[in-house]
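Read the structure below first, then the notes.
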Number of protein chains: 2
Amino acid sequence: MFKPEDDMSSGAPKHMKDRHQEILDAAARVITERGLAETRISDIAEQAGVSPGLILYYFDSKDRLLAEALTYANDQFYLRTSREIRRLGSAKEQLRRLIDLSVPGYLPEYGRLDEWALWIEVWVRALRDPETAKDREVLDQRWRAQISDIIRIGQASGEFVAGDADAFALPIAALIDGLAIQVIMNDSTVTAERMHRSCMEVAAHVLGFALEPADLVGQSAGA
Amino acid sequence: MFKPEDDMSSGAPKHMKDRHQEILDAAARVITERGLAETRISDIAEQAGVSPGLILYYFDSKDRLLAEALTYANDQFYLRTSREIRRLGSAKEQLRRLIDLSVPGYLPEYGRLDEWALWIEVWVRALRDPETAKDREVLDQRWRAQISDIIRIGQASGEFVAGDADAFALPIAALIDGLAIQVIMNDSTVTAERMHRSCMEVAAHVLGFALEPADLVGQSAGA
DNA sequence: CAGTTCCCTGAACACCCGTTCAATCCATCC
DNA sequence: GGATGGATTGAACGGGTGTTCAGGGAACTG
């Protein structure tokens, strides 16, 4: 993804859907790089390879664009993990994979997992912007639902203990959030491996399954 | 604290230390209210009851001021909780009190505990500003040390199981972080009470102590 | 009581950036 | 192939805001 498509040197009009998405993509990339506060319309235009005027042709205002871009980027992350996880057989494998994908920089094939940086931007914005606050709640509930769905599967198969799956999911989700922040901040005492281990341990504890040595091996891409 | 001091109508020069601190206080309040991105020098000046020019007389630039204000505010929170906790007898009580103080809005006497909002601002800024990144790491390590100190006390007294106190503290700190974010966001499914309960349960689990019914009663101010 | 130093003000400056808009380009259709 | 309409540009406008600065004024010093 994220190909600049050099061949569209100048002219080359696109249909609205394409441009809309292209601009959102460009915006998400710029926000990830420079942060929401330092993101200018001209940056997004440059990243998308168009003129600044065109950005405002597709979006009512900079503010609207930023809001849309944030939820759009989180959507992408959700869809990717969701697709990956559905493939796996056991609930324990699914949970493990979800944690793999949530630890910034744990899997080499996915860069630094900068989606977390976007999450923090969403949080800051949601504190004051009701629109963003609404979106955030939906996004966050989906994130927790992804975990509780796995838990329910594991309960049905007997891998996990019985109980309120949503109640089990909350601390696991929050723990991942809290640790991911530290890892993305490059905290010297909270490495990716340590985060992964801690998440697995607490999950095993809460859900009542045994940790096998293989669960704690770093950097495995899973089967 | 936070008295406007109406009587210093115009003249009334203050000594540098005072003004420095006053401006930091004012800045912290404005940032909490409006957010880092929407904080203008004129806002801070107004809040402090001085002219915009004076702000730049005491601080080299707006950026420096903001950076200082953020760590200053976090310092205040640390000092307050630290002072409160030291009074208590048992480690379990200390831990419980720490959690009380960390749950936004749990204790009526402390407003909404908006220090958490400042934390998020620190995180966003630390992603790009090395100076802030350094401060954040110190602040965060102190936050975790506060927890591991309590754990060590409890281990010495036999209240908690033996083990690496720092390793125990990490998930507890991260869980508090992750849940506090949800609570401060006014997430409809993560109430202050639920956060409190979840933190106590995980702590009890990790540290191997039994939860008594009294530990789960809401809003108690402790002894 | 002059002189010096520091605190403080508020207006002016300069720059940055979101937004607007008239003009241009390019498909597509008649 | 001329006309129509949407897509695109880039320059210009305008508001907002960080920073500077010349000056006023209070306290302290000798």
Side-chain angles (χ1 to χ4, degrees), chain A residues 4-27 30-31 33-70 121 125 128-129 131-132, chain B residues 4-27 30-31 33-70 121 125 128-129 131-132:
Chain A
E5 295 295 354
D6 299 325
D7 50 333
M8 53 162 162
S9 47
S10 60
K14 300 236 178 174
H15 289 313
M16 290 202 63
K17 259 286 152 49
D18 296 338
R19 267 290 138 88
H20 211 263
Q21 196 138 279
E22 275 180 18
I23 293 175
L24 284 177
D25 258 2
V30 173
I31 296 171
E33 265 178 46
R34 320 189 32 139
L36 202 56
E38 296 298 305
T39 294
R40 289 164 250 297
I41 283 197
S42 59
D43 298 326
I44 300 172
E46 193 177 359
Q47 175 72 229
V50 298
S51 72
L54 195 66
I55 305 292
L56 274 297
Y57 178 77
Y58 281 94
F59 294 85
D60 294 340
S61 71
K62 180 197 183 187
D63 230 51
R64 276 272 172 76
L65 165 57
L66 293 181
E68 272 193 53
L70 284 175
E121 302 280 5
R125 201 167 205 275
R128 275 104 196 171
D129 175 33
E131 199 79 26
T132 306
Chain B
E5 294 294 353
D6 299 325
D7 51 333
M8 53 163 161
S9 46
S10 59
K14 300 236 176 173
H15 288 313
M16 290 204 64
K17 259 286 150 51
D18 296 338
R19 267 291 138 87
H20 211 264
Q21 195 137 282
E22 275 180 19
I23 293 175
L24 284 177
D25 258 2
V30 174
I31 295 170
E33 265 179 46
R34 321 189 30 138
L36 202 56
E38 296 299 306
T39 294
R40 287 164 250 300
I41 283 198
S42 60
D43 298 326
I44 300 172
E46 192 178 359
Q47 176 71 230
V50 298
S51 72
L54 194 66
I55 306 292
L56 274 298
Y57 178 78
Y58 281 94
F59 294 86
D60 294 340
S61 70
K62 181 197 181 186
D63 229 51
R64 276 272 172 75
L65 166 56
L66 294 181
E68 272 194 53
L70 284 176
E121 303 280 7
R125 201 165 205 276
R128 275 104 196 172
D129 175 33
E131 200 78 26
T132 307

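In this text the structure is predicted, and so the values were computed from the model without any measurement. First the proteins, then the strands, lettered A, B, ... as listed; each starts at 1.
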- Item | Closest to side chain of A/Ile41, choosing from D/dT17, C/dT9, C/dG18 | C/dG18
- Note on the structure: note: B/Arg40, atom CZ; D/dT17, atom P; distance rounded to Å ~ 4 Å
- Atom CD1 of A/Ile55 and atom C1' of D/dA7: how far apart are they, to the nearest Å? 13 Å
- Query: Over how many whole Å does the gap from A/Lys62 atom NZ to C/dC16 atom C1' extend?
  - Reply: 11 Å
- Note on the structure: Taken to the nearest whole Å, CG/A/Asp60 to C1'/C/dT20 is 14 Å
- Query: Just wondering, more than 12 heavy atoms not from B/Arg64 lying within 6.0 Å of its CZ?
  - Reply: no
- Item | Euclidean distance, atom OH of residue A/Tyr58 to atom P of D/dG6 [Å, nearest integer] | 12 Å
- Quick one: A/Leu56 CG to C/dC17 P, roughly how many Å, whole number? 15 Å
- Just how far, in rounded Å, is P of C/dG18 from CD of A/Glu38? 11 Å
- N/O donor-acceptor pair under 3.5 Å between A/Glu121 side chain and A/Leu36 backbone: yes
- Task: Ignoring the backbone of A/Ser51, work out which of C/dC6, D/dG10, C/dT19 is nearest its side chain.
- Result: D/dG10
- Can you check whether A/Tyr57 has a side-chain N or O nearer than 4.0 Å to OP1 or OP2 of D/dA7? yes
- Just how far is it from atom CG of B/Asp63 to atom CZ of B/Arg125, taken to the nearest 0.5 Å? 4.5 Å
- Item | Atom-to-atom span, CZ of A/Arg19 to P of D/dT9 - whole angstrom | 7 Å
- Among D/dT8, C/dT9, D/dT9, which nucleotide sits nearest the side chain of B/Leu54? C/dT9
- Message: Tell me if the CZ atom of B/Arg128 is crowded by more than 12 foreign heavy atoms within 6.0 Å.
- Response: yes
